[in-house]
Amino acid sequence: MFEQHLAVLPVLLPLIAAPLVVLINKPRAAWLLSTLFVGACVYISFGLVSATMDGGALRYALGGWEPPWGIEMRVDSANAFVLLTVSVIATLVLLFAKESIASEVAHKQLPLFYSAYLLCLAGLSGILITGDAFNLFVFLEISSLATYTLVSLAADRRCLTAAFRYLVMGTIGATFILIGVGMLYMKTGTLNMLDLAERIQAVESHRTINTGLAFIMVGVSIKLALFPLHMWLPAAYSFAPSAVTAFLAGTATKVAIYVMLRFVFTIFGAGYVFEQMNMEIIVLVLALAGIFQCSFVATTQSNIKTLLAYSSVAQVGYIILGVSLVSLTGLTASLLHIFNHALMKAALFMAVGAVFYRMGSVQIIAFQGLGRRMPWTMSAFTIAGLSIIGVPLTVGFISKWYLVTAALEQGNWLVAFLVLVASLFAVVYIGKVIEAAYFKEPSEDADATKIKEVPVSMLIPMWLLVLANIYFGIDTSLTVSAATAGAEALLNGSSLVGGVQ
Amino acid sequence: MTVLIDLILLAMLVITAFRIIYIKDLFSVVMLFGIYSFLCAALFVTLDAVDVAFTEASVGAGISTVLMLSTIAITGRKEKLSLHSHTFATLIVLLTGGALIYGTFDMPLFGLADNPVHEHVAPRYIETSPTEIGLPNMVTSVLASYRGFDTFGETVVVFAAAIGVFSLLGVRGKPTELLAQEQGLTQHKVLRVVAKISIPLIILFALYVQFHGDFGPGGGFQAGVIAAAAFILYALTFSLRKAVGVVSPRFVKYLAPVGVLLYASVGLVSMLNGANFLDYNVLAADPVDGQHYGIIIIELGVGITVFSVMLGIFYAFAGQVEKANVQ
Amino acid sequence: MSLIFEHFNHWVVVILMMIGLYIVITANNLVKKVVGLNIFQSAVFLMYITMGKVVGGTAPILAEGVTQYSNPLPHVLILTAIVVGVATTAVGLSLVLRIKSAYGTIEENEFQNKEDVI
């Protein structure tokens, strides 16, 4: 029975846990229940990854109605891989959140916080596994509403304006997607993704489809914070509670990127989007512009959360860059970086959250001298930071390696060169923090006696991520084979498949 | 004739929306928005979408407008001069509009029976749902059964909104005694008498909409909103304190998740019976009966959640208004 | 002429979307921004409902002697979307209320001045 429902459980479990948490209304019990349910999602995602590794797909017809009349969940190796990333990060952040959130959010609001967290996860999982374009919109809105709530729960009043701006941008983005899906529906009469893919091919005149594609791409680009539509992200990441930032940085933009991949490769087909519409040039330019502009802005920040937020936008650029190369290696690099970047950024934001837990500030001045006072936290920051830069033996290196290989495969020396140059910015902004932590004396107003390492329950998830950063930087067999399988699944759904192999 | 009504309504919509751009008085803006929603609802009726019209009228012209009014009661009714660059906005809007107009030239023409949307997927809903599901209202069949998972998601969206509002504004606690007496339109005798008569009728109507949605327009969502509206009317005419005495905010907060769980439990029962989530066929010996049971229960779940969330959100907003009046 | 007539609904929808979007971008007051979002979304709802209409059809509720029904699927989708819209509105307005109590204003340029640059 368990096997039969495997493909729907990742969204069902958190959806059922969210109302239960509100009914329980006790912070500790709420946390425990959430962790159990989310942990179960990790187990299920592993099951899904191994079940789809051979290139097959699991399909699950909701309500027993076969598609396209009913809604189906459809899991292949591409979304199973992203799903695994999301659920692993969600679990680790929950472990971290127990102490971190308790210090940032009012006690009686904690059950509501956990409920919103579960809803957000349910929404993200739903977006990942659904095989229906409109159902995707519904889950997008569940996760978005929960995210606005999560962002607005911090104590700093600026989180409110950040959340409001995010709400406005997010709603415009989602509505654009709704317009696009409407146009596809208008021309094909269906909402099921595979059915759409088939019927779009048969549409003769393309104006409405083109417009639909444009609206979906712009809407998704807002959600995934593609330059220059990223302006909501730095504020939201900077002022959200620490654990929320760690969670969002590892999951939300990644899921939006997956949505773009799904629409481009499975629904429209790479041949249509890239060969006929030449989208890859626009996307490539925007990705590169985003990498350079946001990496540069990151070097000028003194708020470390903002710094890392801009770095995240730049890293999104790398992922999109891989997509714009339209090849198996490029797509593998993208999927790999979705996973790897989640590992790095979640670890970094956890470390910053740990500093906030002790220092009450995330300004660079608060980091001064922390190398000695919070050795575990700062060494975690350092290793994850090296991973962002792309130093060998970390996952960051693996991502860049595949990205550069993909560029060189097409003889695109310029792109390969630019990717490497952009890494220098990361050296600057990560180096800045490390320098403050290890080579500067603590600022005078900091009360040195109070500052000590954070509780073990915060260090464990942080270090699990750091160790994963190293482990998957050395033994790449697991991640690379999963990412390659995912890339193949995406390309197989598109008309380009012949040209690639 | 309908075409003429259609054209007139569309023209009125554009005029209303256009006015909103330039009006700085927020009270007028919100009122015009209410009108806009109502015109939309009327237009939906002419376009045969009676269920949607029902919802738009109760939500857009009803709940949304009430929430906006409570908000401007606190934040003030004047918009100050905007410093935004209008050239930038115009550029974005023209670009978007241009793309859309480009897209429309290829769109299937309005109202033709052989448009793609009418030829694929939908025919099954129209032709076989009355026998497969056993309900005359095809919208209810699609909503509750074929696309029942969307509706489950929709219920969760409502629940998520409640989580957001409760965590931002708090679940309203005990009302301050002094203020509770000033609250409401208690001095208007006519209003009180009319409200007294109409509130039971509204609740009765809500129950009718809840359980008659299978046959005519309506269903759990509309019923929940209407039932909540009855209590909101009670709070507005007799005072918030009395309304809170009848249905307390805490009760509402705990009722909201119950509806979601009720919906999910139907799906879980299907699973226990060896079928997929939300497959109602296995709920009874005869699949059509099973569909009927399933739909009644999930509509009830939707109704419970929507009722409690709408009322809870109103309480939270009204609590803020009260707090602002104290200060 | 027939072209104008048969696309009239679509074009009005486009105009409404543009007005909504324009209000969202230019409004200085956050409540008005929310109103703009609602107008924008309602226009999309109208687009969906328009495509579901069959001229000469009736509402999709089984009735005797009727052969042509309008398409129920867009109606179902838009029911869901309306609910999503009101949920967003409620959360948005709650944020507006909190911004008012935290900053004392909901005019965008005024609270931006009070914010430290990030």
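Chain letters run A, B, ... following the sequence lines, proteins first, then strands; residues in each count from 1. None of these values were measured; they are calculated from a predicted model. Side chains included, hydrogens not; waters and symmetry mates left out as well; all remaining heavy atoms used.
- For T90(B), the parts lying under 4.5 angstrom from a heavy atom of chain C are both the backbone and the side chain.
- Counting only distance, with no hydrogens or angles, the side chain of E79(B) and the backbone of K32(C) share no donor-acceptor pair below 3.5 Å.
- For F18(B), the parts sitting under 4.5 Å from any heavy atom of chain C are the backbone and the side chain alike.
- Contact of the H75(C) side chain with the D51(B) side chain is not registered, since no non-hydrogen atoms from C-beta on lie closer than 4.5 Å.
- The candidate from L73(C), I49(C), V91(C) with the greatest count of non-hydrogen atom pairs under 4.5 Å with chain B is I49(C).
- In this structure, the side chains of Y22(C) and H86(B) come closer than 4.5 Å at one or more pairs of heavy atoms.
- Atom CD1 of I82(C) is separated from atom CD of E154(B) by 9.5 Å, given to the nearest 0.5 angstrom.
- The 12-atom threshold is exceeded at CE of M31(B), counting heavy atoms of other residues, nucleotides or ligands nearer than 6.0 Å.
- Contacts with chain B were tallied for I99(C), L30(C), V84(C), N38(C); N38(C) has the most, counting heavy-atom pairs under 4.5 Å.
- In this structure the side chain of M138(B) never reaches within 4.5 angstrom of the side chain of V76(C), judged on heavy atoms.
- The parts of L94(B) that come within reach of chain C are both its backbone and its side chain, each placing non-hydrogen atoms under 4.5 angstrom from that chain.
- Only the side chain of M17(C) has a heavy atom closer than 4.5 Å to any heavy atom of chain B.
- Among the candidates T75(B), T55(B), I63(B), the residue making the largest number of heavy-atom pairs closer than 4.5 Å to chain C is T75(B).
- Listed for the N137(B) side chain is no donor-acceptor partner under 3.5 Å among the backbone atoms of L62(C).
- In terms of heavy-atom pairs under 4.5 angstrom with chain B, the leader among T80(C), L95(C), L21(C), I15(C) is T80(C).
- Both the backbone and the side chain of L168(B) come within less than 4.5 Å of a heavy atom in chain C.
- When the candidates P60(C), S101(C), G85(C), A87(C) are compared by the number of heavy-atom contacts under 4.5 Å with chain B, P60(C) comes out ahead.
- For the pair I21(B)/I19(C), a side-chain contact is recorded, criterion being any heavy-atom separation below 4.5 Å from C-beta on.
- The distance from the CZ atom of R98(C) to the OG atom of S167(B) is 8.5 Å, given to the nearest 0.5 Å.
- With a 4.5 angstrom heavy-atom cutoff, L67(B) touches chain C via backbone and side-chain atoms both.
- A distance of 11.0 Å separates CG of N9(C) from CE of M107(B), quoted to the nearest 0.5 Å.
- By the 4.5 Å heavy-atom criterion applied to side chains, L79(C) and Q222(B) are counted as neighbours.
- Looking at heavy atoms from C-beta onward, P72(C) lies in side-chain contact with I126(B) at the 4.5 angstrom threshold.
- Chain C forms the most heavy-atom pairs under 4.5 Å with one residue out of S141(B), A49(B), A122(B), P123(B), and that residue is A49(B).
- Both the backbone and the side chain of I39(C) come within contact range of chain B, judged by heavy atoms closer than 4.5 Å.
- Proximity to chain B is limited to the backbone of T58(C), based on heavy atoms less than 4.5 angstrom apart.
- Ranked by non-hydrogen atom pairs under 4.5 Å with chain B, the options L93(C), I23(C), T88(C) are led by L93(C).
- Of all heavy-atom pairs spanning K78(B) and E107(C), the tightest one is O-OE2, 3.5 Å.
- Closest non-hydrogen pair, A90(C) versus F317(B), comes out as O-CZ, 3.8 Å.
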Legend entry - Test log, rule side-chain contact (heavy atoms from CB on, under 4.5 Å), inputs H10(C) and I101(B): CA-CA 8 Å; H10(C) 296 143; I101(B) 296 282; over 6 Å; no
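- Each of G20(C), G56(C), S42(C), G36(C) has some count of heavy-atom pairs under 4.5 Å with chain B, and the biggest count is that of S42(C).
- With rounding to the nearest 0.5 Å, the separation of CG in L169(B) from CG in L97(C) is 5.5 Å.
- One finds the OH atom of Y69(C) at 15.0 Å from the NE2 atom of H118(B) (value rounded to the nearest 0.5 Å).
- Here D48(B) contributes atom CG and Q68(C) contributes atom CD; the two are 10.0 Å apart, rounded to the nearest 0.5 Å.
- Across G103(B), A113(B), G164(B), the residue that shares the most heavy-atom pairs under 4.5 angstrom with chain C is A113(B).
- Residue contact with chain C, scored on non-hydrogen atoms closer than 4.5 Å, involves the side chain of V121(B) exclusively.
- In terms of non-hydrogen atom pairs under 4.5 Å with chain C, the most contact-rich of T96(B), I72(B), V165(B) is V165(B).
- Both the backbone and the side chain of L47(B) come within contact range of chain C, with heavy atoms under 4.5 Å apart.
- Contact annotation: the side chain of T71(B) never approaches that of V34(C) to less than 4.5 Å [non-hydrogen atoms, C-beta and beyond].
- Highest contact tally toward chain C, considering only D150(B), V139(B), L100(B), is held by V139(B) [criterion: heavy-atom pairs under 4.5 Å].
- For the side-chain contact (heavy atoms from CB on, under 4.5 Å) with V12(C), the lone residue among L7(B), D6(B), V14(B) that qualifies is V14(B).
- For chain B, the nearby part of V31(C) is the side chain; its heavy atoms alone come within less than 4.5 Å.
- Chain C forms more heavy-atom pairs under 4.5 Å with one residue of L32(B), N115(B), V157(B), V52(B) than with any other, namely V52(B).
- Residues F44(B) and L46(C) meet the side-chain proximity criterion, which asks for heavy atoms closer than 4.5 Å.
- Contacts of L16(C) with chain B are made by side-chain atoms alone, with heavy-atom separations under 4.5 Å and no backbone atom involved.
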